[in-house]
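The structure appears below as structure tokens.
By convention here, the first residue in the shown sequence is residue 1.
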Amino acid sequence: MKMTSNDKFEMVAKTFQGLEGVLADELRALGAENVETGKRMVSFTGDLETLYKANLCCRTALRILKPFYSFSAKDPDDLYEKTKDFDWSSIMTLDKTFSIDSTTYSSEFTHSRYVTYRIKDAIVDWFKDRYGADKRPGVRLQDADVMINVHISGTDVTLSLDSSGDSLHKRGYRVAQTEAPINEVLAAGIIMLSGWKGEGSFVDPMCGSGTFLVEAALIAANINPGIYRKGFAFEHWKDFDSELFDRLYNDESNERAVECKIVGADISPKAVAIAEANLKSAGVAKYVDLSVKPISKWTEAPQPAGVVVTNPPYGERISAPDMDALYETIGSKLKHVFTGYNAWIIGYRDEYFRKIGLSASEKIPMYNGALECELREYVIFDGDKKSFMAAGGKLKETRQEEPKNDRRRDDRRNDRKPFGKDRRGERTPGDRRSGERKPSKFNSFARPQTEKPAEPENPLAARRNPFALKSIGGKRPSLPPQNGPLMRSRGWKKRDDNDNK
């Protein structure tokens with residue numbers, strides 16, 4: 001599969017529900033062609049430079065895939081035979097290691113682990129048949145040289161090279177975290193959905209480990225999020241162009257000075273210390289005003305007005321002594337302190353949203369980890385809604401009607417019901433987006449309407465790593481010791497908060 005840097009090929013960028021449009025805009029801005037949105041993915045075409053840029057620059061991509069082989073398989077034996085028909089020497093050599101990540105939405109292939117085994121056997125047997133019984137590339141679960149993504153929808157199979165390696169939400173700047181920190185890709189996506197690009201003030205009054213603050217500073221300074229990572233999977237590919245990548249990696253021509261106010265606070269001194277450590281690690285601490293302050297102590301907002309973006313406790317893994325009072329305080333402070341702002345709040349329980357006491361102008365279903373949540377926008381204006389509208393104010397009012405005779409209308413059950421689509425993929429009253437998206441040209445990436453997923457399709461759910469959520473439960477905030485540099489050298493460019501002192 002050796003190609004020149006100018007050859008065009010098809011790619012797929014994976015993302016979270018609700019961020020497909022934002023990611024599509026990012027890819028177009030990078031020069032990607034034939035950009036089409038799908039279910040938690042965006043397909044596009046480009047060359048090697050486009051692929052490298054997508055990994056380095058996209059804030060809302062989880063991983064960038066390069067499909068290389070598509071076929072139809074009716075059963076596991078057929079899957080094995082057709083996988084073995086491919087020329088695997090074009091992908092890897094005997095001295096390389098590989099890993100396989102499988103996702104299935106199919107009645108014929110109900111277990112992704114078995115799919116992984118059959119694909120692995122086919123690849124290994126291909127090499128054995130040609131080079132000898134003891135000649136084969138190694139299988140490695142972590143940090144493999146070649147990472148293969150398998151996506152099956154019905155009988156349609158697509159094999160792709162994973163160009164990213166670790167999920168792109170793992171920026172590389174986080175040195176510590178509080179309980180249940182928000183995913184970096186999700187945080188950046190929420191900020192970009194708000195429309196904030198550095199004009200006006202940015203405030204997170206419950207900042208936790210500071211993810212929103214770091215991502216806001218990176219957006220305001222137009223710093224590529226990928227520069228903190230130690231590596232990408234495509235650096236192990238046979239056609240890796242190191243000269244091209246180094247040029248893109250060290251290009252800071254589009255970075256800019258930060259002139260807006262970015263303000264964060266939290267009730268917990270330990271959380272603020274962790275946020276400060278992450279901001280320093282990213283080299284953006286000089287752009288952020290950080291303090292220990294509960295939401296109840298906010299008496300004035302930074303000017304000029306901008307956006308409030310925050311992720312308050314849900315009452316699940318993180319809670320407050322009085323959740324109702326907390327959300328009532330959030331609503332009161334938004335109304336009386338943050339006049340002129342647009343507030344974006346991601347939450348899990350409708351009962352707590354109701355305590356805010358404000359009318360949401362936008363409601364977007366999305367995941368936060370394994371929780372089906374909702375992102376709501378509140379336009380904060382002075383006085384009542386009628387006067388605001390009479391003065392020319394505009395709201396994007398979204399009205400959601402629940403179906404009749406639906407037991408989920410019961411208040412007690414609704415209070416526990418997450419938003420958006422349920423685990424069976426059925427539409428619930430919380431999903432205002434009834435229209436179907438344009439199908440992807442990659443057939444197997446488009447989930448069939450008649451098939452039930454064998455496993456959750458959320459990229460952070462247990463399908464990817466069955467121990468992921470379990471492993472982070474019960475952890476306490478900590479500031480681990482530094483063991484070497486957190487990011488690779490950027491040549492002549494080095495970020496340091498002491499530079500401007």
Side-chain angles (χ1 to χ4, degrees), residues 177-183 186-187 190-191 194 201-213 216 263-275 290-302 307-339 341-380 411-419 430 473-477:
Q177 63 185 42
T178 55
E179 187 82 2
I182 194 165
N183 177 283
L186 183 59
I190 290 173
I191 296 171
S194 77
S201 302
F202 181 95
V203 180
D204 182 358
M206 290 173 281
C207 69
S209 59
T211 308
F212 278 127
L213 301 176
V263 180
D266 199 278
I267 192 174
S268 165
K270 182 171 286 188
V272 170
I274 290 173
L290 191 62
S291 63
V292 177
K293 181 166 61 174
I295 184 70
S296 61
K297 297 298 183 182
W298 283 81
T299 57
E300 60 180 341
V307 298
V308 173
V309 180
T310 196
N311 177 35
Y314 301 164
E316 296 293 311
R317 291 176 57 199
I318 298 180
S319 188
D322 189 338
M323 293 292 291
D324 288 350
L326 173 62
Y327 277 78
E328 288 172 355
T329 301
I330 291 172
S332 175
K333 293 301 178 181
L334 290 180
K335 180 65 177 176
H336 300 292
V337 176
F338 289 95
T339 303
Y341 276 73
N342 282 33
W344 293 77
I345 299 176
I346 183 170
Y348 178 61
R349 293 176 181 266
D350 190 54
E351 61 177 310
Y352 295 147
F353 270 126
R354 290 199 296 268
K355 293 296 180 180
I356 291 177
L358 301 174
S359 177
S361 60
E362 184 83 1
K363 299 178 181 180
I364 304 174
M366 57 176 49
Y367 279 90
N368 185 2
L371 298 178
E372 296 178 83
C373 297
E374 197 168 78
L375 175 66
R376 297 192 181 185
E377 178 196 24
Y378 300 91
V379 179
I380 313 301
D411 285 343
R412 291 171 299 171
R413 297 188 64 173
N414 242 353
D415 288 346
R416 298 192 300 270
K417 181 69 179 175
F419 303 100
K475 286 189 176 181
R476 298 295 181 186

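- Checked against side chain to side chain contact (heavy atoms under 4.5 Å, CB included), Thr339 has the following partners two or more places apart in sequence or in another chain: Asp382.
- For the side chain to side chain contact (heavy atoms under 4.5 Å, CB included) with Ile345, the qualifying choice from Leu358, Asn311, Leu334, Ile190 is Leu334, the only one to do so.
- Between Leu186 and Tyr367 the shortest side-chain heavy-atom distance does not fall below 4.5 Å.
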Could you walk me through whether Phe353 and Ile330 pass side-chain contact (heavy atoms from CB on, under 4.5 Å), step by step?
CA-CA 10 Å; Phe353 270 126; Ile330 291 172; over 6 Å; no
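- For Gln177 against Ser209, the heavy-atom pair with the smallest separation is CA-CB, 4.0 Å.
- Nearest heavy-atom pair across Glu377 and Asn342 is OE2-ND2, 2.7 Å.
- The shortest heavy-atom contact between Trp298 and Pro205 is NE1-CB, 3.6 Å.
- Across Pro313 and Met323, no two heavy atoms sit closer than the pair O-CE, 3.3 Å.
- Partners of Asp266 according to the side-chain hydrogen bond (donor to acceptor under 3.5 Å, both in side chains) rule, which considers only residues two or more places apart in sequence or in another chain, do not exist here.
- Remark: side-chain polar atoms of Ser332 are not paired, donor with acceptor, to backbone N or O of Glu328 under 3.5 angstrom.
- A distance of 11.5 Å separates CZ in Arg349 from CZ in Arg354, rounded to the nearest 0.5 Å.
- At distances below 3.5 Å, not a single donor-acceptor pair connects side-chain atoms of Lys355 with backbone N or O atoms of Ala325.
- Taking both residues in full, the closest heavy atoms of Ala301 and Phe338 are given as CB-CD2, 3.5 Å, listed atom of the first, atom of the second, then distance.
- For the ring-ring contact (aromatic ring centres under 6.0 Å, His included) test, no residue two or more places apart in sequence or in another chain qualifies with Tyr378.
- At a threshold of 4.5 Å between non-hydrogen side-chain atoms, the residues Arg376 and Ile356 do not count as touching.
- Residues meeting the side chain to side chain contact (heavy atoms under 4.5 Å, CB included) test with Ser201, sequence neighbours left out: Lys261, Pro302, Pro304, Tyr341.
- Legend: residues meeting side chain to side chain contact (heavy atoms under 4.5 Å, CB included) with Lys297, ordered by chain and number and at least two apart, are Lys293, Pro294.
- Across Phe202 and Leu213, no two heavy atoms sit closer than the pair CE2-CD2, 4.2 Å.
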Could you walk me through whether Asn368 and Ile182 satisfy the side-chain contact (heavy atoms from CB on, under 4.5 Å) test, starting with their C-alpha distance in whole Å, then the side-chain angles of each, then the deciding distance to 0.1 Å, before giving a yes or no?
CA-CA 7 Å; Asn368 185 2; Ile182 194 165; 4.0 Å; yes
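- With hydrogens and angles ignored, the 3.5 Å screen pairs a side-chain donor or acceptor of Ser194 with a backbone N or O of Ile191.
- Tyr327 and Tyr352 have parallel rings, their planes meeting at less than 30° on a 0 to 90° scale where 60° marks the start of perpendicular.
- For the side chain to side chain contact (heavy atoms under 4.5 Å, CB included) with Cys207, the lone residue among Thr211, Asp204, Val203 that qualifies is Asp204.
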